[in-house]
Number of protein chains: 2
Amino acid sequence: MDPQQLRTFVAVVDHRSFSAAARGLGYTQSAVSQHIAALEADLDAPLVTRRPVTPTEAGERLLEHARPLLLRLDAARADIARLRRAHPGRLAVACAPGALTPAVANALVRARTAAPQLAVSVRVGARSEAVQAVLAGAADLALVDGAAAPSDPLPLPDAGPLTAFAIAQEPLAVLLPASHPLAGRPALRLPDLAAARWIDAPDAAVPLAQLRVAAQSDGFEHQLTYTGSDIKTLGTLVAANGGLATTALPMAAGMSGVAAVPITEPRLVHRTELLHPRNPTAPAAELAETLRLA
Amino acid sequence: MDPQQLRTFVAVVDHRSFSAAARGLGYTQSAVSQHIAALEADLDAPLVTRRPVTPTEAGERLLEHARPLLLRLDAARADIARLRRAHPGRLAVACAPGALTPAVANALVRARTAAPQLAVSVRVGARSEAVQAVLAGAADLALVDGAAAPSDPLPLPDAGPLTAFAIAQEPLAVLLPASHPLAGRPALRLPDLAAARWIDAPDAAVPLAQLRVAAQSDGFEHQLTYTGSDIKTLGTLVAANGGLATTALPMAAGMSGVAAVPITEPRLVHRTELLHPRNPTAPAAELAETLRLA
DNA sequence: CATGAGTATCAGTATTGCTGATGCTAGGTG
DNA sequence: CACCTAGCATCAGCAATACTGATACTCATG
C-alpha cells in the first residue's frame, strides 16, 4: 500500500475516471491503471467498478482510511518542516466563519500594528479545512467553533497532535424565522426542536451531527443542505422558512427576519477553540497567549 | 515517505541500533542505513543521532506520526480483509483487565454453549493493545474501561473508525491502604486527593492522564509506575503504601489491606465500553447485541 | 452496427532498492 | 597511547520496479 498509490486511488474516486485522475496527477492513464491494479492485487479485492468508475464496498472502506492517512503524512512532513524554518515573519490564520470574534479580530490587528513587517493573513473556510491547513502547515493557527457541553472540548477530527484550548464561550442560540410560533419565546429546549425542519450547514453553522452528539439524541433531520460559509446568507435562508440552524447568540445580531432564541436545555454552549501545532511559530504563540488570557 | 521506511525508522528507534533493527526486519544493515538516509534526505532533517542511536528533535516528531500511521495502514488492510472472509467460527475478544465484568463473562459462556463449534478466545492486555488488536483484525471486539463523566464516551486513541458503546457503568472508587487516615470515609472528593501520592498503572487501573482529563485538573503526580495488567498485584502495592489508584468500586472486593472509597466529586463513573469494527463478524455482532441490551 | 470514450495490457527503458564487500569512526582495552 | 572492535556509511552490481507510449479491448450510445 504505497501512499502514492493511495493518492492515485483517491484521485480516481474523486474524478470518477482513470484518465482524468491521470491528467490531474501528471501521470499517464496507463500508470493510473497499474496503480489501481496493484492496490487491488495487494488487498485482494476490487476497489472500483469500471464504467462508471465507482468505489466498491471495499473501496469505500479503503477511502475511509486513505484520506486521513494522506492528511497525516502531510502533517508529519509539515511538523518537521516547521522545525527547520519557522517563518517568523508570517502569521496565517485559518478559521471557521463563526470563529472570528471581535476579540480575535482586535488581537490580530494589535499583533500587526505591534510588528508592522508581519504578514498577517486570514482565511475563512470550512471547519475541516481550517484544521487541515494547520496540520499541513499552510496556516499557523486555526479557530474553529461548534457546540459542546460547557467545559467539554469540541469534537474535532483527530489527524494528528494539535494543542487546543477554548477562547470563547457564548450561549448557543437557534435561529428561527421571525414569523415562527416559537420566535417570541425567551428560551427554548433543544429536544422540543428535534422534530423541526433543519438546515444542515456544516460549514457556516453548528453541524447537525455535532448537535446530535452534544444533545445525545437522534432527530435533527435536515430538509436542506447549505454548502458555504457565509452566515448572513444562512440567515436569509432561515428567514425564508428554509429551516432552523444554531449559532452563537451574538452572531445573529442584525439579521432581519430572523429571531435568535437561546437554548437552555441541554446545557450546551457555543464554544470557540484555538488550535496550533505543538511547536508554533513565535507570532502564533504570542497570539495564542494573548487570547488564552482574555 | 515510504511506509516501509517508516517501519524501519520505528524499528531503529526501538532497537536503538541499525544492525539490530536490520536483523529484526530481515534486512541487511546496509538497507536499514539507506532507508534512514533516504528519509533524512526526503525530510531534510537528521532523524537519529548515531552512536548512541537516539531520535533527534525531528525524529521525535516523526515518531509521533509514524506509529499511528503504521497502525492505521494495518487497520485499513484488516478492514478490507474482513469483507472477504469473515471468520464466522471465531470469536476473539481483546480486553483491558478491568473490563471483563461477570455479565460479560456470562454472555461469552452463553455464546459458546449456544454454538459449541465457536472458537472463543479472550486476551487480556493493555487498553491500547486491545484497541490495536481490533483495528488490525487480530480480535473481533474489544472491551476497555476508564473514567469519564456519566454519559460521556471514553477518551480513546482515534486510529480509525470503530463503533463503541457503553456496556457498564459503576461508581468510581479510589484504592487506599487500609491504614490510610481517609480509608474509613464513606466517600471522597477527587480534588482533595490531587496532591496525594499516586501509582500510575495505565494498564491495570484508570490511567492518571485520563483522570486529569476527566477531573479537569492538573496534579495527580505519580511516585511509582506500574507496568502490567494484574489488578490483584496493584492492590498489594496500594496496601504496601505505594500510592493510590482508581478502579471500579466492585473491582476492589476481596482485596486485603485495601480500602475502596467511592468518589463523589466530580461526578465521574467507571465506564466499560465495547468496541467493534463497522462490519463485525456475526458472533461479534450477536455478543454486542446481547450486551447492549443488558 | 458503427463509433468513440475510456480502461487493460504489453514491451521497453530508466530508476529504484536490495545485497555483499569494504571503508570509516567512536569508544573501549591492554 | 596505540590498537581493536563494534557498528554505521558507502559503493558496485544485480534484480525488481515503475514509469511511458503504443495498442488491444470493452462497454455505452446513437
Side-chain angles (χ1 to χ4, degrees), chain A residues 1-60 62-63 66 69-70 73-74 76-77 80, chain B residues 1-60 62-63 66 69-70 73-74 76-77 80:
Chain A
M1 273 203 288
D2 186 87
Q4 204 64 4
Q5 291 175 356
L6 288 180
R7 203 152 259 147
T8 301
F9 171 65
V10 170
V12 163
V13 172
D14 285 347
H15 286 92
R16 289 183 198 78
S17 155
F18 283 44
S19 324
R23 281 190 293 277
L25 294 166
Y27 284 138
T28 57
Q29 172 267 321
S30 172
V32 169
S33 189
Q34 288 174 48
H35 274 187
I36 301 298
L39 270 180
E40 293 184 324
D42 181 19
L43 297 170
D44 193 18
L47 295 174
V48 289
T49 62
R50 321 295 151 100
R51 226 159 359 191
V53 174
T54 312
T56 61
E57 175 76 28
E60 294 283 4
L62 184 58
L63 271 181
L69 268 171
L70 294 173
L73 272 173
D74 291 345
R77 187 177 294 280
I80 290 170
Chain B
M1 274 205 287
D2 186 85
Q4 205 64 7
Q5 290 176 357
L6 288 180
R7 202 151 261 147
T8 301
F9 171 65
V10 170
V12 163
V13 172
D14 285 348
H15 286 93
R16 288 183 199 78
S17 154
F18 283 44
S19 324
R23 280 189 294 278
L25 294 166
Y27 285 137
T28 57
Q29 174 267 322
S30 171
V32 169
S33 189
Q34 289 174 46
H35 274 187
I36 301 297
L39 270 179
E40 292 184 324
D42 182 19
L43 296 171
D44 193 18
L47 295 175
V48 289
T49 62
R50 321 297 151 100
R51 220 150 10 186
V53 174
T54 313
T56 62
E57 176 75 28
E60 294 284 4
L62 184 58
L63 270 181
L69 224 24
L70 294 172
L73 272 172
D74 291 345
R77 188 178 293 279
I80 290 169

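Quick note on labels: first sequence line is chain A, next is B, and so on, each numbered from 1. Bear in mind the structure is a predicted one, so any value in this text is a computation, not a measurement.
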Report the distance from atom [atom1] of [X] to atom [atom2] of [N], rounded to the nearest whole Å.
X       : N      : atom1 : atom2 : result
A/Glu40 : C/dT7  : CD    : P     : 13 Å
B/Gln5  : C/dT16 : CD    : P     : 12 Å
B/Arg23 : D/dA6  : CZ    : C1'   : 11 Å
B/His35 : D/dC8  : NE2   : P     : 16 Å
A/Asp2  : C/dT16 : CG    : P     : 13 Å
B/Tyr27 : C/dG20 : OH    : C1'   : 17 Å
B/Asp42 : C/dG17 : CG    : P     : 11 Å
A/His15 : C/dG6  : NE2   : C1'   : 15 Å

### Task
Ignoring hydrogens and angles, state whether a donor on the side chain of A/Tyr27 or A/Gln4 is under 3.5 Å from an acceptor on the partner side chain.
yes
### Query
Any donor-acceptor pair under 3.5 Å joining the side chain of A/Gln34 to the base of C/dT7?
no
### Task
Mind checking A/Val32 for me? I need base, sugar-phosphate or nothing, with any heavy atom below 4.0 Å counting as a touch.
nothing
### Task
Could you check whether B/Ser33 gets within reach of a base, just the sugar-phosphate, or nothing at all, counting any heavy atom under 4.0 Å?
base
### Task
Return yes if some donor-acceptor pair links the side-chain N/O of B/Thr49 with the main-chain N/O of B/Pro52 below 3.5 Å, else return no.
yes
#### Entry: Cationic N near anionic O, under 4.0 Å, B/Arg77 to A/Asp42
yes
### Query
Out of C/dA8, C/dC18, D/dT20, which nucleotide sits closest to the side chain of A/Ala31?
D/dT20
### Query
Distance check: side-chain N/O of A/Ser30 vs OP1/OP2 of C/dT7, anything under 4.0 Å?
no
### Summary
Closest non-hydrogen contact found for B/His15 with B/Ala21 is ND1-CA, 3.8 Å
